[in-house]
Asks: 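Encoded as structure tokens, here's the structure I'll be asking about.
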There are 2 protein chains.
Amino acid sequence: MSTPGRGLHGHVLDTLGPAITAGEYPPGSVLRTDELAQHFEVSRSVMREAVRVLESMHLVESRRRVGVTVRPKAEWNVYDPQVIRWRLAGTDRPHQLRSLTVLRSAVEPAAAGLAAQHATAEQCAELTECALGMVANSRGHKLQEYLVHDIAFHRVILAASGNEMFARLGDVVAEVLAGRTHHEVMFEDPDPAAVTLHVQVAEAVRAGDAARARELTREITVGALQELDILAP
Amino acid sequence: MSTPGRGLHGHVLDTLGPAITAGEYPPGSVLRTDELAQHFEVSRSVMREAVRVLESMHLVESRRRVGVTVRPKAEWNVYDPQVIRWRLAGTDRPHQLRSLTVLRSAVEPAAAGLAAQHATAEQCAELTECALGMVANSRGHKLQEYLVHDIAFHRVILAASGNEMFARLGDVVAEVLAGRTHHEVMFEDPDPAAVTLHVQVAEAVRAGDAARARELTREITVGALQELDILAP
DNA sequence: CACACTTGAATTAGTCGTACGTAATGGGTT
DNA sequence: AACCCATTACGTACGACTAATTCAAGTGTG
């Protein structure tokens, strides 16, 4: 996806990361660097680098004479894109999807409101372009093309907000939207109401109507939440 | 603060991290592992581990034949608590503080609303206790004691929301609140109106009134934003 | 002559193995 | 119960080698 297999330590992480985030090692479990190195058939140096990365994500803690202990879920850096990807690929995917969607429903309306105030002319143009792309692909099982424009739309909103914390959630939203299309039940064409809402948000942002942009985006996220409730009540 | 100097590579990070996030190395700058190792008087192994951590934070990118290149700010993992701390300690502290406060104003009202629905009896008790603690220390220049209860209050709200993404912002909010008291202008006692709002939020959560909890918390965050505008218009 | 392509040398990170340092643990002794 | 010491696994250092990428010189071609 992003940077796969950028070295041996990356390969180790691609296996260990998902395993830990999936809860295969319960909190408090101890792993030994040497054993792991043997298991993955890499040198201790490489394994140590991998452990350092896991440590920086607060997934594990390395202590002398003890080993590498898995930290409780509540301490993980759940905003790390890598961790998010690992968890979305694992078993608690539904739970993770819900958490992220709730986050979206808090952040995106606020971002849309700010976007209405700060969006450049270029961003407004991008936005309407995305919205039109969504409309054009909203019928006839062109889910892939629709998704591309949907993701781009939300990215632009978050970026146009002018707040870097919001902007950096673009990747997260992209993962959620992509996940919904690829893994969840989405045989049919997208909800026409949702498509209309996106068009209206683009209009509101262009018009500089923050309150309207915020409210319309809130409706979009409410729809996303309801969708989850239908799939996993 | 959290885990200072947990090894040599930690010491290196404590210096390199702040330097990079402060923009001392413009995007695209190239650092050489060997040179860095010499500069910090550590072995290449240690330096490599440090680089791996910086890489996992998307602060730098390591490529063969090139070196360790600093990535543009837009690609940093700005939600990493470590990165947040480094940036709050650096030069763009005001900018960072504003970004985080805007984030708070989006997240905390939503979290308070959910808390009103999901808070346990114990969490409600903690909340009122924190609110009372704030009241008790709101006069007489007892800023330190006030801060402790203020932080605890917001932590409980975020945790009681039942959403792990919200909950993990507790540390961020704590940094922001602590920063406001310690670095920004806050000679006088806290705004009585804000104290009252906290008490009312606690009541609303206890009463299970989500809309009221959300609205009151929104007022708190609006106050925080206005405070920033006064300090840095 | 200008341009594109090939080749090879230089450079820097990547990997490995070993040796030794060091702190935390657990058991044994006083 | 307090203390001491051996064990253990991580921490650090060093050196040698590998491999990938860049850059430039050289070559061929239009």
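Note on naming: letters A, B, ... go to the chains in the order of the sequence lines (proteins, then strands), and numbering restarts at 1 for each one.
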Asks: Between B:V42 and A:D34, which residue's closest nucleotide on DNA chain D lies nearer the 5′ terminus?
Replies: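 So the residue in question is A:D34.
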Asks: In terms of side-chain geometry, is the basic nitrogen of A:R85 or A:D14 positioned less than 4.0 Å from the acidic oxygen of its partner?
Replies: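 Salt bridge flag = no for A:D14 with A:R85.
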Asks: Rounded to the Å, how far apart are B:M47 CE and C:dG14 P?
Replies: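 That distance rounds to 13 Å.
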Asks: Can you check the A:L8 CG to D:dA20 P distance for me, whole Å?
Replies: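 Those two atoms, CG and P, are 11 Å apart.
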Asks: To the nearest Å, how far apart are A:E49 CD and D:dC10 C1'?
Replies: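 After rounding, the gap between these two atoms is 15 Å.
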Asks: Rounded to whole Å, how long is the line connecting atom CG of A:L54 with atom C1' of D:dC10?
Replies: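 In whole Å, D:dC10 C1' lies 15 Å from A:L54 CG.
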Asks: Quick one: B:H9 NE2 to D:dC10 C1', roughly how many Å, whole number?
Replies: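 Distance, rounded to whole Å: 12 Å.
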Asks: For A:V66 and A:V46, take the nucleotide of DNA chain C holding the closest heavy atom to each; which residue's nucleotide lies nearer the 5' end?
Replies: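 Comparing both residues, the 5'-ward one is A:V46.
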Asks: Can you tell me how far apart CE (B:M57) and CD1 (B:I20) are? Round to the nearest 0.5 Å.
Replies: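 So the CE of B:M57 and the CD1 of B:I20 are separated by 10.0 Å.
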Asks: Using whole Å, report how far NE2 of B:H11 lies from C1' of D:dT12.
Replies: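 The answer, rounded to whole Å, is 15 Å.
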Asks: For C:dG14 and B:S62 - does any side-chain N or O of the residue sit under 4.0 Å from the phosphate oxygens OP1/OP2?
Replies: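 Answer yes for this pair, as a side-chain N or O of B:S62 is under 4.0 Å from OP1 or OP2.
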Asks: Would you compute the distance between atom CG of A:L103 and atom CG of A:L169 and round it to the nearest 0.5 angstrom?
Replies: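 One finds 5.5 Å between CG of A:L103 and CG of A:L169.
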Asks: Any Lys/Arg nitrogen of B:R52 or B:E55 sitting under 4.0 Å from an Asp/Glu carboxylate oxygen of the other?
Replies: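 Between B:E55 and B:R52 there is a salt bridge, with a charged N closer than 4.0 Å to a carboxylate O.
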Asks: With a 3.5 Å cut-off and just heavy-atom distances, do the side chain of B:R65 and the base of C:dT11 make a donor-acceptor pair?
Replies: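 Under the 3.5 Å cut-off, the side chain and the base do form a donor-acceptor pair.
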Asks: To the nearest Å, how far apart are A:R6 CZ and D:dA19 C1'?
Replies: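 Interatomic distance, CZ of A:R6 to C1' of D:dA19: 18 Å.
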Asks: Heavy atoms only, 4.0 Å cut-off, all strands: where does B:R63 land among base, sugar-phosphate and nothing?
Replies: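 Here B:R63 touches the backbone only, sparing every base.
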Asks: So does B:R48 get a side-chain nitrogen or oxygen closer than 4.0 Å to the phosphate oxygens (OP1/OP2) of C:dG14?
Replies: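 Affirmative; the distance criterion is met.
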Asks: In residues 24-32 of chain A, which ones come under 4.0 Å of DNA chain D, going by heavy atoms?
Replies: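 The answer is A:L31, A:R32.
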Asks: From A:L127 CG over to A:R206 CZ, what is the distance, rounded to the nearest 0.5 angstrom?
Replies: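 So the gap between those two atoms works out to 9.5 Å.
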Asks: If you measure from the Lys or Arg side-chain nitrogens to the Asp or Glu carboxylate oxygens, is any gap between A:D92 and A:K73 under 4.0 Å?
Replies: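 Yes.
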Asks: State whether A:E164 and B:R98 are salt-bridged, where the test is any N-O pair (Lys NZ or Arg NE/NH1/NH2 against Asp/Glu carboxylate O) under 4.0 Å.
Replies: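 B:R98 and A:E164: not salt-bridged.
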Asks: Taking atom CD of B:E75 as the centre, does the number of heavy atoms from other residues, nucleotides or ligands within less than 6.0 Å exceed 12?
Replies: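 Yes.
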Asks: In this structure, how many angstroms lie between the P atom of C:dG17 and the CD atom of A:E41, rounded?
Replies: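 That distance rounds to 11 Å.
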Asks: Does any pair with a residue in residues 149-179 of chain B pass ring-ring contact (aromatic ring centres under 6.0 Å, His included), and if so which ones, sequence neighbours excluded?
Replies: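 Residue pairs passing ring-ring contact (aromatic ring centres under 6.0 Å, His included), neighbours aside: B:F153-B:H198, B:H154-B:H198.
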Asks: Which atom pairs link the protein and nucleotides 18-22 of chain C when you take only N or O atoms and keep those under 3.5 Å?
Replies:
residue, atom, partner, partner atom, Å
C:dA19, N6, A:R44, NH2, 3.4

